[in-house]
Amino acid sequence: MAGVLALHSFGDLSGLIEVPAGGSRLPVDRAALDAGLHYFTMDGRGVRNFVGDQLPRLVEEFLHACGVVPDDIDHFVPHQANGAMLDSVFADLEMSRATMHRTLTHYANTGAASIPITLDAAARSGAFTPGDLVLLAGFGGGMSAGLALVEW
């Protein structure tokens with residue numbers, strides 16, 4: 001199977017999720033701390049639009065590059081950001097055989113750890129069988145997105 005990993009970055013949308021201070025452009029100093037610039041900021045509506053607009057297209061292109069169709073996917077393990085957004089995106093992906101695994105209601109948004117936490121929970125529950133195709137999909141600050149296709 002070709003192309004089991006894809007990474008994307010949309011630098012023009014970097015302001016959707018960011019930490020203004022703490023990097024080389026704006027090191028943390030007393031003024032930045034006092035202004036709260038060391039905390040995450042997020043444009044929730046903008047992030048939702050990004051995910052809704054970009055993720056289905058990226059998944060479609062990725063699966064095509066891998067030589068599989070959406071109905072070949074058995075399991076979908078996305079970043080656990082927002083339940084309503086996940087439901088909407090999952091419907092747009094048209095993976096009729098796939099099970100979307102969720103831990104959002106139990107753990108909330110655990111950031112970068114949400115995919116491994118959810119993958120572990122699904123594996124421990126016995127959801128996967130040898131040969132299953134598992135699609136992992138993440139997105140986050142910067143804006144960035146990553147996809148991986150795993151044969152269990």
Side-chain angles (χ1 to χ4, degrees), residues 1-70 72-95 98-123 133-152:
M1 174 182 319
V4 297
L5 176 65
L7 301 172
H8 303 274
S9 181
F10 301 83
D12 57 321
L13 301 175
S14 64
L16 294 179
I17 301 175
E18 66 180 343
V19 180
S24 59
R25 285 189 191 148
L26 183 58
V28 174
D29 59 14
R30 176 55 34 203
L33 288 172
D34 290 345
L37 297 178
H38 58 295
Y39 294 114
F40 274 93
T41 64
M42 180 175 73
D43 172 353
R45 187 177 312 271
V47 171
R48 183 180 174 91
N49 290 341
F50 168 81
V51 173
D53 294 342
Q54 296 296 328
L55 197 58
R57 179 185 63 79
L58 295 173
V59 166
E60 180 181 350
E61 292 171 3
F62 176 66
L63 294 180
H64 178 75
C66 292
V68 299
V69 296
D72 292 336
I73 303 302
D74 299 297
H75 304 276
F76 179 54
V77 180
H79 168 61
Q80 307 285 304
N82 172 299
M85 181 174 59
L86 290 178
D87 291 340
S88 175
V89 168
F90 187 58
D92 290 343
L93 295 177
E94 299 179 353
M95 295 186 289
T99 299
M100 178 172 60
H101 297 277
R102 296 171 69 150
T103 55
L104 181 65
T105 55
H106 187 72
Y107 297 111
N109 182 347
T110 56
S114 67
I115 291 174
I117 287 171
T118 306
L119 186 63
D120 179 67
L133 288 181
V134 182
L135 177 63
L136 312 174
F139 53 89
M143 289 299 288
S144 57
L147 302 164
L149 186 60
V150 178
E151 183 176 341
W152 199 256

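Trp152 is not listed as a side-chain neighbour of Asp74, based on a closest heavy-atom distance of 4.5 Å or more. Residues Leu133 and Glu151 form a side-chain contact, since some pair of their non-hydrogen atoms from C-beta on lies under 4.5 Å apart. The shortest distance between side-chain heavy atoms of Leu119 and His101 does not fall below 4.5 Å. When side chains are defined from C-beta on, Asn82 does not count as touching Val51, because their heavy atoms never get closer than 4.5 Å.
Contact detail for Asn109 and Gly111: the closest heavy-atom pair is OD1-N, 2.8 Å. Taking all atoms of both residues into account, the shortest heavy-atom contact from Ala98 to His75 is CB-N, 4.2 Å. Between Ala148 and Leu5, the shortest heavy-atom contact is CB-CD1, 4.3 Å.
More than 12 heavy atoms of other shown residues, nucleotides or ligands fall within 6.0 angstrom of atom NE2 in His38. When the shell of 6.0 Å around CZ of Arg45 is examined, it contains 12 or fewer heavy atoms from other residues, nucleotides or ligands. Remark: Glu60 CD is loosely packed, at most 12 non-hydrogen atoms of other residues, nucleotides or ligands lying under 6.0 Å away.
Atom NE2 of residue His79 and atom CG of residue Leu136 lie 13.5 Å apart, to the nearest 0.5 angstrom. The OG1 atom of Thr41 sits 9.5 Å away from atom CG of Leu16, with the distance rounded to the nearest 0.5 Å. Atom CG in Asn49 sits 10.5 Å away from atom CE in Met85 (nearest 0.5 Å). Distance CG/Leu7 to OG/Ser144: 8.5 Å, rounded to 0.5 Å. To the nearest 0.5 Å, the span separating CG on Leu63 from CD1 on Ile73 amounts to 5.0 Å.
In this structure, the side-chain hydrogen bond (donor to acceptor under 3.5 Å, both in side chains) partners of Arg102, at least two apart in sequence or on a different chain, are Asp87.
Put simply, the side chain of Gln80 never gets that close to the backbone of Ser114: no donor and acceptor are under 3.5 Å apart.
For the side-chain contact (heavy atoms from CB on, under 4.5 Å) with Met100, the qualifying choice from Thr118, Val77, Leu86 is Leu86, the only one to do so.
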Please table the atom pairs, donor to acceptor, closer than 3.5 Å between any side-chain atom in residues 88-95 and protein atoms at least two apart or in another chain.
none

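The pair Arg30-Asp34 meets the salt-bridge criterion, with a side-chain N (NZ, NE, NH1 or NH2) lying under 4.0 Å from an Asp/Glu carboxylate O.
The ring-ring contact (aromatic ring centres under 6.0 Å, His included) contacts involving residues 7-30 comprise Phe10-Phe50, where partners must be two or more places apart or lie in separate chains.
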